[in-house]
Visitor: 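Below you'll find the structure I mean.
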Amino acid sequence: MPKIIFLPHEEICPEGAVVEAAPGETICDAALAHDVEIEHACEKSCACTTCHVIVREGFDSLSEPSEDEEDQLDKAWGLEPESRLSCQARVGDEDLVVELPKYTINYAKEEH
């Protein structure tokens with residue numbers, strides 16, 4: 001079973017995390033199942049960018065992004081060529097190294 005290695009994130013997983021994921025499972029579902037609390041304000045419906053991640057290793061093994069996902073990613077903070085929405089990116093057969101961006105755009109949570 002492939003592993004997802006989450007790099008340390010100051011708030012979500014300060015020491016990083018390593019979780020197992022079944023092929024076809026989304027990065028978001030695998031994270032949440034192992035107490036890595038990735039934000040997912042739209043309930044994983046590809047309608048926001050709060051679950052944005054950067055896949056540092058294993059990017060090419062993921063499912064192809066849909067046009068809807070690519071459109072949403074254009075709005076993500078800190079977009080990089082290896083960016084994906086974790087609710088849409090399905091694990092393939094390779095291990096992944098994933099970085100959680102420092103910020104997300106979540107208007108419901110931001111303290112204004």
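When reading the values below, keep in mind they use all heavy atoms of this one structure, side chains included, and skip hydrogens, waters and symmetry mates. Residue numbers run from 1 in the order of the sequence given.
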Visitor: Minimum heavy-atom separation for Asp95 to Lys3, with atom names?
Guide: OD1-N, 2.8 Å
Visitor: Are the side chains of Ser83 and Leu73 in touch, meaning some heavy atoms are under 4.5 Å apart?
Guide: yes
Visitor: Any side-chain heavy atom of Cys87 within less than 4.5 Å of one from Cys51?
Guide: yes
Visitor: Answer with yes or no whether the side chains of Ser86 and His52 bring together a donor and an acceptor at under 3.5 Å.
Guide: no
Visitor: Supply the atom-to-atom distance Asp35 CG to Cys13 SG, rounded to the nearest 0.5 angstrom.
Guide: 11.0 Å
Visitor: I'd like to know whether CD of Glu64 has more than 12 heavy-atom contacts from other residues, nucleotides or ligands below 6.0 angstrom.
Guide: no
Visitor: Less than 4.5 Å apart, side chain to side chain, heavy atoms only: is that true for Arg56 and Glu80?
Guide: yes
Visitor: Give the minimum heavy-atom separation between Glu94 and Pro2, together with the two atoms involved.
Guide: O-CB, 3.5 Å
Visitor: I need the minimum non-hydrogen distance between Pro14 and Pro8, along with the two atoms involved.
Guide: O-CB, 3.3 Å
Visitor: Quick check for you: to the nearest 0.5 Å, what is the distance between Glu69 atom CD and Gln88 atom CD?
Guide: 5.5 Å
Visitor: Please round to the nearest 0.5 Å and tell me the distance separating atom CD of Glu82 and atom CD of Glu57.
Guide: 11.0 Å
Visitor: Enumerate the residue pairs fulfilling side chain to side chain donor-acceptor pair (under 3.5 Å) with a member in residues 14-26, sequence neighbours excluded, ordered by first and then second residue.
Guide: Thr26-Asp29
Visitor: Can you measure from NE2 (His40) to CD (Glu37) and round to the nearest 0.5 angstrom?
Guide: 7.5 Å
Visitor: What heavy-atom pair brings Cys42 and Ala47 nearest, and what distance separates the two atoms?
Guide: SG-N, 3.3 Å
Visitor: Please find the pair of heavy atoms, one from Gly24 and one from Arg90, that lie closest to each other, and give the distance.
Guide: O-NH1, 2.7 Å
Visitor: If you link ILVMFWY side chains whenever their heavy atoms are less than 4.5 Å apart, which other residues fall into the same cluster as Leu32? By chain and number, please.
Guide: none
Visitor: Identify the heavy atoms of Pro101 and Ile54 that sit nearest to each other, and give their distance.
Guide: CG-CD1, 4.4 Å
Visitor: Can you list the other members of the hydrophobic cluster that holds Val53, where links are side-chain heavy atoms under 4.5 angstrom apart?
Guide: Ile4, Phe6, Ile12, Val19, Ile27, Val36, Ile38, Val55, Phe59, Leu62, Val91, Leu96, Val98, Leu100
Visitor: Compare all side-chain heavy atoms of Pro65 with those of Arg84 and state whether any distance is below 4.5 angstrom.
Guide: yes
